[in-house]
Amino acid sequence: EMGNLSLRQRKPIKVLVLGLDYSGKSSLLFRANFGEVVTSIPTIGFNVETVSHKNIILQAWDVGGRDKIRPLLRHYYQNTEAVIFVVDSSDEERLPEAERELLSLVSESELEGVPVAVALNKWDLSRHMSRERMHQALGLAEVRKSRPCKSFSTSSVSDSKSDFFDMLEWINDNTRRTEENRRSNIVAGQSSVPVLQRVVFKLKTLLLT
Ligand SMILES: Nc1nc2c(ncn2[C@@H]2O[C@H](COP(=O)(O)OP(=O)(O)OP(=O)(O)O)[C@@H](O)[C@H]2O)c(=O)[nH]1
Ligand SMILES: [Mg+2]
């Protein structure tokens, strides 16, 4: 029928973007949305960015790595369909810290079985470590035992060095949703309201706790 296409739209996939501070989470999302390098400042709390590519829509919750708000982080976990774990591939010194962060993440019961895409970020820098070195140090073989997990080299500076959009496609292919569930019957425009309300609610939660 004719009405089908105009009324049915894809629901965004809820993705948590996590990783140490300075790994480049916000820069990656800004680059994907604006196609250029956007100066980023350390994220306090979180940003919610919508990223779309082909027919894939992600609602990315970009959580600042700086504040140690781990107990509060649990508020964001609900309904998470995938995680993008961003690692600075040029920072060998902080690799053990990144590993600990990833480990603690995959041990969260709310995130059980949730696919993890690991972004080996800042791949444009010539001093980046090898993929093998990073897989080993991050323990990705272990992570893969409990969920789909794959690494992608990414860069918010150089598109030719970045597999960011391949990563989005992998996420789309590896979430548990069925094709039917990817669509909603909500008329375009309405779906942004609950999202906004949720953001306000989370902000209040942050401020009051
Ligand atoms: N060379 C290079 N620099 C990058 C890349 N991505 C981010 N940066 C730089 O790394 C620094 C940190 O980037 P942010 O995007 O603010 O990092 P973040 O992970 O959002 O940090 P928090 O919000 O504190 O958790 C900035 O100086 C960026 O310009 C990249 O792909 N290549
Ligand atoms: Mg940030």
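Atoms within a ligand are numbered from 1 in the order they appear, just like the ligands themselves. Numbers here are sequence positions counted from 1. These numbers were taken from a predicted model, which means no experiment stands behind them.
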J.: In ligand 1, which numbered atoms sit nearer than 4.0 Å to a non-hydrogen atom of S155?
T.: 31 (O)
J.: Under a 3.5 Å threshold, yes or no: a donor from one side chain and an acceptor from the other, between S155 and D124?
T.: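 A pair is found: one side chain offers a donor N or O, the other an acceptor, under 3.5 Å apart.
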J.: Quick one: does S26 get an N or O within less than 3.5 Å of an N or O on ligand 1?
T.: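 Yes.
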J.: So which heavy atom in the protein is nearest atom 17 (O) of ligand 1, and how far is it from that ligand atom?
T.: G24 N, 3.1 Å
J.: Could you tell me whether D62 approaches ligand 1 through its side chain, its backbone, both or neither, with non-hydrogen atoms closer than 4.0 Å?
T.: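 None of D62 does.
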J.: Heavy atoms only: which of D124, L28, T154 lies closest to atom 32 (N) of ligand 1?
T.: D124
J.: Identify, for atom 10 (O) of ligand 1, the protein heavy atom at the shortest distance, and state residue, atom and that distance.
T.: K122 NZ, 3.0 Å
J.: Taking 2.8 Å as the cut-off, does S26 contribute an N, O or S atom near the Mg ion (ligand 2), distance below it?
T.: yes
J.: Just to be sure I read this right, does ligand 1 sit under 4.0 Å from the backbone of N121, its side chain, both, or neither, counting only heavy atoms?
T.: side chain
J.: Any idea which protein heavy atom is nearest atom 6 (N) of ligand 1, and the distance to it?
T.: S156 OG, 2.9 Å
J.: For ligand 1, which atoms sit closer than 4.0 Å to a heavy atom of V157?
T.: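 In order of number, 1 (N), 2 (C), 30 (C), 32 (N).
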J.: Quick one: nearest non-hydrogen protein atom to atom 21 (O) of ligand 1, plus distance?
T.: Y22 N, 3.1 Å
J.: Measuring only between side-chain heavy atoms, which start at C-beta, is I13 closer than 4.5 Å to Q59?
T.: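 No, every pair of side-chain atoms sits at 4.5 Å or beyond.
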J.: So L16 and D62, do their side chains get closer than 4.5 Å, heavy atoms only?
T.: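 The answer is no, as the side chains (C-beta and beyond) never meet within the 4.5 Å cut-off.
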J.: State, yes or no, whether a side-chain contact exists between M167 and H53 at a heavy-atom distance under 4.5 Å.
T.: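 Contact flag for M167/H53 side chains = no.
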J.: Tell me: protein heavy atom nearest atom 19 (O) of ligand 1, and distance?
T.: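 Ranked first by proximity to atom 19 (O) of ligand 1 is K25 NZ, 2.7 Å.
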J.: Within the structure provided, determine whether V63 and V17 are in side-chain contact (heavy-atom separation under 4.5 Å).
T.: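 Sidechains of V17 and V63: no contact.
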J.: Return a yes/no value for S27: is any of its N or O atoms, backbone included, closer than 3.5 angstrom to an N or O of ligand 1?
T.: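 The answer is yes, given that S27 and ligand 1 share an N or O pair closer than 3.5 Å.
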J.: When you look at CD of E110, are more than 12 heavy atoms from neighbouring residues, nucleotides or ligands closer to it than 6.0 Å?
T.: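 More than 12 within 6.0 Å, yes.
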J.: Within the 4.5 Å heavy-atom criterion, are L120 and R131 side-chain neighbours or not?
T.: yes
J.: Please confirm whether G19 approaches ligand 1 to less than 4.0 Å, judged on its heavy atoms.
T.: no
J.: Examine T43 and say whether one of its N/O/S atoms is closer to the Mg ion (ligand 2) than 2.8 Å.
T.: yes
J.: Would one find an N or O of S40, backbone or side chain, under 3.5 Å from an N or O of ligand 1?
T.: yes
J.: Run the numbers for me: atoms of ligand 1, each under 4.0 Å from some heavy atom of G65, listed by number.
T.: 22 (P), 25 (O)
J.: For R31, run the side chain to side chain contact (heavy atoms under 4.5 Å, CB included) check against V38, V157, D159 and tell me which one passes.
T.: D159
J.: Examine L125 against ligand 1 and note whether any of their N/O atoms are separated by less than 3.5 Å.
T.: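 No, there is no polar N/O contact under 3.5 Å.
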J.: Please report which non-hydrogen protein atom sits nearest to atom 23 (O) of ligand 1, along with the residue it belongs to and the distance in Å to one decimal place.
T.: T43 N, 2.7 Å
J.: Quick check: are there more than 12 heavy atoms from other residues, nucleotides or ligands sitting under 6.0 Å from CZ of F165?
T.: yes
J.: Do the side chains of V87 and L95 get nearer than 4.5 Å, heavy atoms only?
T.: yes
J.: May I ask you to test the T154-W123 pair for a side-chain heavy-atom distance under 4.5 Å?
T.: no
J.: So, for S151 and H135, which heavy atoms are closest and what is the spacing to 0.1 Å?
T.: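 Taking S151 first and H135 second, the nearest heavy atoms are OG-NE2, 2.7 Å.
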J.: Using a strict 4.0 Å cut-off to heavy atoms of P42, name the atoms of ligand 1 that fall inside it.
T.: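 In order of numbering, the contacting atoms are 23 (O), 24 (O).
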